[in-house]
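Attaching a single structure in structure tokens format; questions to follow.
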Amino acid sequence: CMTKFKNYIFNDIESLGVADCSLILGNVTETNNGYIYETDSVLTPNPSLYKYLKNNEDYSEFWKLMNLKNNNNEYFYKYYYDSLNLSEKIKQIFPDMVIDKVYIRGYNVFNMVSENGIYTVLVPDNNALKEYISRKILKYYSSIDQVPKDILTKLLTSHIINEFVSPYYLDNITNSTGDLVLDSPGNKISLDKSGITNMTITSNGIIYKTNKIIKSHYFESVYSEIFL
């Protein structure tokens, strides 16, 4: 099972790596409940999905949509709320600091930005996302901030799966809008495996970089003209 998983992800098994480490493939120990791999360096904690998307320029267009504001300068999705219990705990931890309230950042739609769960995100690169928005959505609107929130929500959530999905199991997996994320015999509107150009494991999920959009039925059906 592990060998099958490895070969599916990597074309060249000699390049197999985890985080910033390379695996010393000659030193693998099989146990009754898993495998032990020797690496050439110490593994450090991976960033969260939130931090990785925020700090990776390749996904800056996707990040902009997540943090878009309306004409009233209000975030579409992002919000902050204060937690009385957390504030009191922080005050006890840092008694010498002057703390009024501690605010927690949240997103109305994207639970993946929290650490309370694990998610799979297929993020189109900047060129793919900009081209699709320009061709498919902005022909109806003068600018991106004029696009209704519901349309942007469907576009973004079509790239999110509310569970961890390894490459081997992407076939027949549906996203948050109920669409298959990979092409199948009866579904040729999304992307094939060659459209996945990179993979990153984060502390609360996995990110697949794609060179195409996951084309939701909201945008690729007779209904889409009415929806848009």
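These numbers were taken from a predicted model, which means no experiment stands behind them. Side-chain atoms are counted along with the backbone in the values below, which use heavy atoms only and exclude waters and symmetry mates.
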(request) Would you please name every residue forming a side-chain hydrogen bond (donor to acceptor under 3.5 Å, both in side chains) with Ser142, sequence neighbours left out? (result)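 By the side-chain hydrogen bond (donor to acceptor under 3.5 Å, both in side chains) rule, Ser142 matches no residue at all.
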(message) My understanding is that only residues two or more places apart in sequence, or in another chain, count here; which of them pass side-chain hydrogen bond (donor to acceptor under 3.5 Å, both in side chains) with Asp145?
(response)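 Only Ser143 meet the side-chain hydrogen bond (donor to acceptor under 3.5 Å, both in side chains) criterion with Asp145.
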(request) Would you name the heavy atoms of Phe62 and Pro124 that are closest together and state the gap between them? (result)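 Scanning both residues completely, I find the closest heavy atoms to be CD1-CD, 4.1 Å.
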(message) Under the salt bridge (charged side-chain N to carboxylate O under 4.0 Å, His left out) definition, can you give me all pairs with a residue in residues 64-76, not counting sequence neighbours?
(response)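 For residues 64-76: Glu61-Lys64.
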(request) Using the test side chain to side chain contact (heavy atoms under 4.5 Å, CB included), find all partners of Leu68 that sit at least two apart in sequence or belong to another chain. (result)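 Checked Leu68 against side chain to side chain contact (heavy atoms under 4.5 Å, CB included); matches are Phe76, Ile144, Leu152.
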(request) Working to the nearest 0.5 Å, report the span between CG of Leu49 and OG of Ser203. (result)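 Rounded to the nearest 0.5 Å, the CG-OG separation comes to 7.0 Å.
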(request) Taking all non-hydrogen atoms of both residues into account, name the closest pair between Val165 and Thr120 and its distance. (result)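 Scanning both residues completely, I find the closest heavy atoms to be N-OG1, 2.8 Å.
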(message) Return the OH to CG distance between Tyr119 and Asn162, rounded to the nearest 0.5 Å.
(response)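 It comes to 6.0 Å.
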(message) Starting from Tyr75, can I reach Tyr81 by hopping between I/L/V/M/F/W/Y residues whose side chains sit under 4.5 Å apart?
(response)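 As far as the 4.5 Å side-chain criterion goes, Tyr75 and Tyr81 are not connected within one cluster.
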(message) Side chains of Thr153 and Tyr77, heavy atoms from C-beta outward: is any pair under 4.5 Å?
(response)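 They are in side-chain contact.
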(message) Would you compute the distance between atom CG of Asp125 and atom NZ of Lys130 and round it to the nearest 0.5 angstrom?
(response)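 Here the interatomic distance stands at 9.5 Å.
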(request) Can you sort out the partners of Tyr132 under ring pair (Phe, Tyr, Trp, His ring centres under 6.0 Å), two or more places apart, ordered by chain and number? (result)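 Here no residue qualifies.
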(message) Quick one, Asn127 and Asn211 - any side-chain contact, counting heavy atoms below 4.5 Å?
(response)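 No; the side chains remain at least 4.5 Å from each other.
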(request) May I have all residue pairs that pass salt bridge (charged side-chain N to carboxylate O under 4.0 Å, His left out) and include part of residues 146-155, sequence neighbours excluded? (result)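 Sorted result for residues 146-155: Asp150-Lys154.
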(request) Check salt bridge (charged side-chain N to carboxylate O under 4.0 Å, His left out) between Glu163 and all other residues, then give those that pass, not counting sequence neighbours. (result)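 By the salt bridge (charged side-chain N to carboxylate O under 4.0 Å, His left out) rule, Glu163 matches no residue at all.
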(message) Taking the side chain as everything from C-beta on, heavy atoms only, tell me whether His159 gets closer than 4.5 Å to Val123.
(response)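 They are not in side-chain contact.
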(message) Between Phe219 and Ile151, is there a side-chain heavy-atom distance shorter than 4.5 Å?
(response)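 Side chain of Ile151 against side chain of Phe219, heavy atoms only: contact under 4.5 Å found.
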(request) Please identify each residue that fulfils ring pair (Phe, Tyr, Trp, His ring centres under 6.0 Å) with Tyr103, with sequence neighbours left out. (result)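 Testing Tyr103 for ring pair (Phe, Tyr, Trp, His ring centres under 6.0 Å), a comparison that skips the adjacent residues, returns none.
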(request) Of all the heavy-atom pairs spanning Thr210 and Thr197, show the shortest one and how long it is. (result)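 Taking Thr210 first and Thr197 second, the nearest heavy atoms are N-OG1, 4.3 Å.
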(message) Under 6.0 Å between ring centres: does that hold for Tyr50 and Trp63?
(response)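 Yes - the distance between ring centres of Tyr50 and Trp63 falls below the 6.0 Å cut-off.
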(message) Quick check: is Tyr80 connected to Leu86 through a chain of hydrophobic side chains (ILVMFWY, heavy atoms under 4.5 Å apart)?
(response)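 Different clusters: Leu86 never reaches Tyr80 through Ile, Leu, Val, Met, Phe, Trp or Tyr contacts under 4.5 Å.
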(message) So, taking the atom named CD1 in Ile118 and the one named CD1 in Ile161, what distance separates them when rounded to the nearest 0.5 Å?
(response)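 Rounded to the nearest 0.5 Å, the CD1-CD1 separation comes out at 12.5 Å.
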(message) Hydrogens and angles aside, do Ser158 and Tyr218 bring a side-chain donor and acceptor to less than 3.5 Å of each other?
(response)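 Distance-only check fails for Ser158 and Tyr218.
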(request) Under the side-chain hydrogen bond (donor to acceptor under 3.5 Å, both in side chains) rule, collect the residues that match up with Asn33, sequence neighbours excluded. (result)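 Partners of Asn33 by the side-chain hydrogen bond (donor to acceptor under 3.5 Å, both in side chains) criterion, ordered by chain and then number, come out as Thr31.
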(request) Provide the closest heavy-atom pair for Met66 versus Leu156 in the form atom of the first, atom of the second, distance. (result)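 Minimum heavy-atom contact is N-CD1, 4.2 Å.
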(message) Could you work out, with side-chain hydrogen bond (donor to acceptor under 3.5 Å, both in side chains) as the rule, every residue matching Tyr140, not counting sequence neighbours?
(response)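 Counting only residues at least two positions away or on another chain, Tyr140 forms a side-chain hydrogen bond (donor to acceptor under 3.5 Å, both in side chains) with Glu225.
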(request) Hey, could you give me each pair passing side chain to side chain donor-acceptor pair (under 3.5 Å) that has a residue in residues 85-100? Not counting sequence neighbours. (result)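 Pairs touching residues 85-100 that pass the test: none.
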(message) Taking the side chain as everything from C-beta on, heavy atoms only, tell me whether Ile213 gets closer than 4.5 Å to Ile133.
(response)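 Contact flag for Ile213/Ile133 side chains = no.
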(request) With rounding to the nearest 0.5 Å, note down the distance linking CD1 in Ile206 to OH in Tyr52. (result)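 If we round to the nearest 0.5 Å, Ile206:CD1 and Tyr52:OH are 11.0 Å apart.
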(request) Would you list the pairs meeting salt bridge (charged side-chain N to carboxylate O under 4.0 Å, His left out) in which at least one residue belongs to residues 41-58, sequence neighbours left out? (result)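 Output for this query lists Asp58-Lys209.
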